[in-house]
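The block underneath contains the structure these notes are about, expressed in structure tokens.
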2 protein chains.
Amino acid sequence: MKYRKIPDETIRRLPMYLRAFSLLRTEATETISSRQLAQRLGLNSPQIRKDLSYFGAFGTRGVGYPVEATARRIRQILKLNKVQKAVLIGAGRLGTALVAYPGFSSFNLDIAAVLDNDPKKIGKKIGPIKIENTDRISTLKKRDIRLAILAVPAEAAQKTTENLVKAGIRGILNLSPCHLKPARPVKIIDIDLASQLGILPYYM
Amino acid sequence: MKYRKIPDETIRRLPMYLRAFSLLRTEATETISSRQLAQRLGLNSPQIRKDLSYFGAFGTRGVGYPVEATARRIRQILKLNKVQKAVLIGAGRLGTALVAYPGFSSFNLDIAAVLDNDPKKIGKKIGPIKIENTDRISTLKKRDIRLAILAVPAEAAQKTTENLVKAGIRGILNLSPCHLKPARPVKIIDIDLASQLGILPYYM
DNA sequence: CTTTGTTTGTGAATGTGAGCACAAATACCA
DNA sequence: TGGTATTTGTGCTCACATTCACAAACAAAG
Ligand SMILES: NC(=O)c1ccc[n+]([C@@H]2O[C@H](COP(=O)([O-])OP(=O)(O)OC[C@H]3O[C@@H](n4cnc5c(N)ncnc54)[C@H](O)[C@@H]3O)[C@@H](O)[C@H]2O)c1
Ligand SMILES: NC(=O)c1ccc[n+]([C@@H]2O[C@H](COP(=O)([O-])OP(=O)(O)OC[C@H]3O[C@@H](n4cnc5c(N)ncnc54)[C@H](O)[C@@H]3O)[C@@H](O)[C@H]2O)c1
């Protein structure tokens, strides 16, 4: 295929593909066709083929995609072939749920630090990991932490973002219901749970 | 404007607009221009104007949009002008965080029931609300609960979905990392937190 | 009442992504 | 070796979404 910019939507789907391929491996499946995979994921099969073909041809015609090799390739594309460390800011209700979640490790994602500004929480542990004071944000760079999960109250989100960017953070998963304006351009993914629930009644 | 189908993307943004207008009301602002609002939300101003214009003209040229009236109108469009009750299935780490979250009420969303199948949890309380056994799913219809938040392990998600649909649920916010196949067509919104975090390294 | 400045509402243009349809490639069998 | 059944990879078309650009509407001031 001649060169074309890779759609953001394709990137957005890759982790889903990766999870499916990982699961197939545990089922000892060697190959899977785009049709079968589409069936599982609720997509159209040309969608999957096109998505994967952006990164070269790694299926076999008449057979399908090799599970092991394709998983490895997707991990490589997403830069998830080595462990990526993340910091959680805000050890509140949502934050602690995330830290305890074992599902990140299958993507090679590791919440390696937790920061909060509540003196009563600092020093306490969530599982194996100790909550640190927010001022330790400046140590993130040398600890090789480049991703952040932002789970602080909305009022604190903008200021925290500025500090994160100063600390060399390159990507932020923002769970607070507000628009962040980073000083330098940084990839930000917003997840607004309440808004999402608020959409549902419209479709009833 | 002549009739045109309302884009899903427009609907997706309405809760954001609603939140912004609600906030403006607390700031005692009477009107706001699309430019100012766009600035706050990180959008383009024509985007906002077009979105709102799908539902008729309710701004004033030269002035902007009336905060109070527009908020009311958006609530009406999203069917959030009356309280919408939701059930949470799965009182685990993520589920309890959601139940405790006060931010739903500003959308008139109310988590009115919590179900789990763990005998140790049934009967316990999360804040003011008692955890019920999963078999009580059949009582949801007569309790006027039409929305569900699904926060059970992935293995249980499909079976639970089938039961929810049987129980008359019309919309599901799915937090488990798998694709659901409802027996009848029902609006499902998937939020896959781990996948979202998994996207970030690509953009570094 | 007219002029000036502002902001909406919207047709048109542009951009982006999804889905179709089919040639090319491979496996398998007779 | 030739024929049949699959399934990939991809150009093309269509659908959807965003952005532009400007006329129409309104406020305020002189
Ligand atoms: N809990 C949910 O289900 C839910 C749902 C939707 C959105 N959210 C959003 O997620 C965010 C967190 O929600 P939560 O329910 O966990 O809130 P929470 O109040 O339980 O936790 C917030 C945590 O952030 C800490 N904090 C406050 N200011 C800080 C700062 N400047 N620096 C570092 N830490 C700080 C607090 O000490 C607290 O531990 C909020 O923005 C909320 O709107 C939460
Ligand atoms: N915790 C997170 O941060 C996080 C992040 C991403 C995705 N998720 C997803 O959200 C879902 C819930 O995650 P969690 O961390 O809260 O898990 P959890 O194990 O803490 O909680 C799951 C709860 O569901 C209950 N349950 C199990 N089977 C059930 C059934 N058939 N009917 C009713 N209840 C049942 C369990 O008793 C438990 O209380 C999972 O699918 C998980 O993959 C969670």
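Chain letters run A, B, ... following the sequence lines, proteins first and then strands; every chain starts at 1.
No salt bridge links B:E132 with B:K125; every basic N to acidic carboxylate O contact stays at or beyond 4.0 Å. Ion pairing between a basic and an acidic side chain is recognised when a charged N comes within 4.0 Å of a carboxylate O; B:E27 and B:R40 show such pairing. With respect to A:K85 and A:D110, no salt bridge is recorded, no charged nitrogen being found less than 4.0 Å from a carboxylate O.
Regarding contacts with the backbone of C:dC22, every side-chain N or O of A:R49 stays at 4.0 angstrom or more from both OP1 and OP2. OP1 and OP2 of D:dC16 both lie 4.0 Å or more from every side-chain N or O belonging to B:R12. One finds no side-chain N or O of B:Q47 lying less than 4.0 angstrom from the OP1 or OP2 phosphate oxygen of D:dA17. Note on A:Y65: a side-chain N or O is less than 4.0 Å away from OP1 or OP2 of D:dG9.
Using five terminal pairs a side, the axes of the helix from C:dC1-D:dG30 to C:dA30-D:dT1 at its two ends make an angle of 0°, given in steps of 10 degrees.
In this entry the distance linking CZ of A:R61 with C1' of C:dA27 reads 14 Å, nearest Å. Rounded to whole angstrom, the span from the NZ atom of A:K5 across to the C1' atom of C:dT16 amounts to 10 Å.
Heavy-atom distances under 4.0 Å link DNA chain D to B:N44, B:P46 of residues 25-46 of chain B, given in residue order. Within a heavy-atom distance below 4.0 Å of DNA chain C, no residue of residues 190-204 of chain A is found.
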